[in-house]
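Just follow the structure's listing: the first ligand is 1, and inside any ligand the first atom is 1. Because the structure is predicted, anything quoted here is derived from the model rather than measured. Throughout, numbering of the chain's residues begins at 1 and tracks the sequence.
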Amino acid sequence: MKKILISILIVLLVAATGVFGYAAYAYITTDEGSAPHPSVEIMGIELAPVSILWNEPVLRGALYKDVSREETGLSGQLGEIGLAPLPLRLSLPEGFENTVYLSDGSAADGQEAASRAVPPGGQNITGRDDVILAEGIYTLEIVCAVSQTGGNGYGSIRYSCSFEVGKAPDPELSIGKYELKQGEILPLLLTGVPEGVKPEAETELGMTVFTPDGGGSWFAAAPIGNSQAPGRYNIKIKAGGWETETEITVITFEFAKQNLIIDTSNPTISEANSPAAYQEYREKIPPLFETFDEERHWSGVFETPAKGRVSTEFGTIRYTNGDYSNSRSHNGMDIAAPTGTPVYAPNAGRVVMAERLLNTGNTLVIEHGGGLKTYYFHLSKLNAAPGDMVEKGDLLGEVGSTGYSTGAHLHYEMRIGSQPVSPSMLFDENASLYSLETIH
Ligand SMILES: [Zn+2]
């Protein structure tokens with residue numbers, strides 16, 4: 001009996017030693033290498049962890065072994081990674097609670113850096129507005145954690161990475177011409193404008209709107225109206241925090257003078273010339289001066305809209321029936337042509353008006369972008385409607401003599417904002433407007 005009892009004790013002892021031995025063996029052989037290595041990428045560069053705090057399950061989770069370690073290796077020192085502003089591209093692993101903090105460089109004086117959470121998740125967060133960075137030094141801290149026991153263990157893996165976002169080079173301004181005649185157009189080109197920044201121009205010359213040309217280039221056309229006083233004019237240009245100033249000179253253009261003989265007893269003429277006609281004009285046309293399309297529709301040379309003889313040039317100073325005490329500037333050019341002569345779009349644009357007015361007769365207006373518009377008066381027929389996008393050479397209507405007109409002709413006017421500019425100068429490919437590469 002005693003012998004049997006001893007035998008059982010020996011068997012139990014051997015078994016216990018085996019279980020204990022196995023447990024001890026399993027515990028000892030569970031090593032640091034078994035902690036997970038989630039993949040964290042910034043701007044396409046894979047980061048190595050700076051520290052791993054991890055508890056690895058032993059014997060199916062009966063025990064946990066602390067396999068934490070500090071990594072001495074470089075986690076991420078990306079150096080200067082780009083220009084401001086820059087979209088931060090970050091890729092995070094799935095199956096972890098990812099926490100990302102971005103700190104600016106304000107910790108230099110020992111104060112805590114201003115940090116903000118970057119949206120976590122397994123996806124790429126490319127191009128999000130809230131991670132567009134200004135120039136400076138940043139630290140990105142990423143903690144990938146598992147808080148629940150079971151599975152492959154629990155703990156956290158920390159990554160840290162610093163990088164510098166460099167200063168973007170200043171935009172560059174190109175100017176077509178520094179001395180312009182009344183009626184000319186000044187082209188401005190701004191290149192190297194950071195993404196998301198819309199440049200603005202400030203000048204007494206009139207409406208000057210930058211329209212995007214792609215790849216950080218922006219184009220603007222500033223009017224030198226026919227009645228712009230000669231002298232020097234300042235143009236201030238701003239793009240984000242950057243600004244510059246430039247100066248151009250306006251010189252006199254000798255416009256022709258003309259005495260117009262009008263039969264004021266003709267009832268059609270007197271209606272077209274009545275206070276009601278001018279009231280209607282003021283209600284319909286000047287409000288268009290304030291509008292502009294954000295993109296440039298036109299490109300290349302503006303072609304003549306109708307075949308015919310130029311009967312009155314742009315800017316002609318007009319007197320009526322020999323009354324030299326009153327003069328008015330002719331703000332467009334007149335092309336005399338038989339009724340029914342087709343009128344074509346001189347360049348691409350958007351039709352913003354096509355209707356009959358008392359003074360200007362059948363009237364059509366095209367916005368070519370950035371507030372540059374062409375106006376067509378006295379048409380016998382309108383072949384386009386507001387909202388139509390037209391290409392160079394598209395039929396707009398036909399020449400006529402509707403409204404305040406003494407014979408069939410097209411009154412062709414061009415304005416930037418409210419300032420009348422010369423449409424005939426633009427038939428020449430050497431016109432100041434085309435003096436910058438971008439237009440061709
Ligand atoms: Zn006219």
Q: Decide if the gap between the ring center of Tyr376 and the ring center of Tyr412 is smaller than 6.0 angstrom.
A: yes
Q) Which atom, among the N/O/S set of His411, is closest to the Zn ion (ligand 1)? A) ND1
Q.
Within this structure, what is the OG-CD distance for the pair Ser432 and Glu179, rounded to the nearest 0.5 Å?
A. 12.0 Å
Q: Tell me which N, O or S atom of His330 sits nearest to the Zn ion (ligand 1).
A: NE2
Q.
Taking Val399's backbone N and O only, do any of them form a donor-acceptor pair with Ser380's side chain (distance below 3.5 Å, no angle check)?
A. yes
Q.
Quick check for you: to the nearest 0.5 Å, what is the distance between Thr341 atom OG1 and Leu410 atom CG?
A. 9.5 Å
**Q.** Considering only N, O or S atoms of Asp334, the one closest to the Zn ion (ligand 1)
**A.** OD1
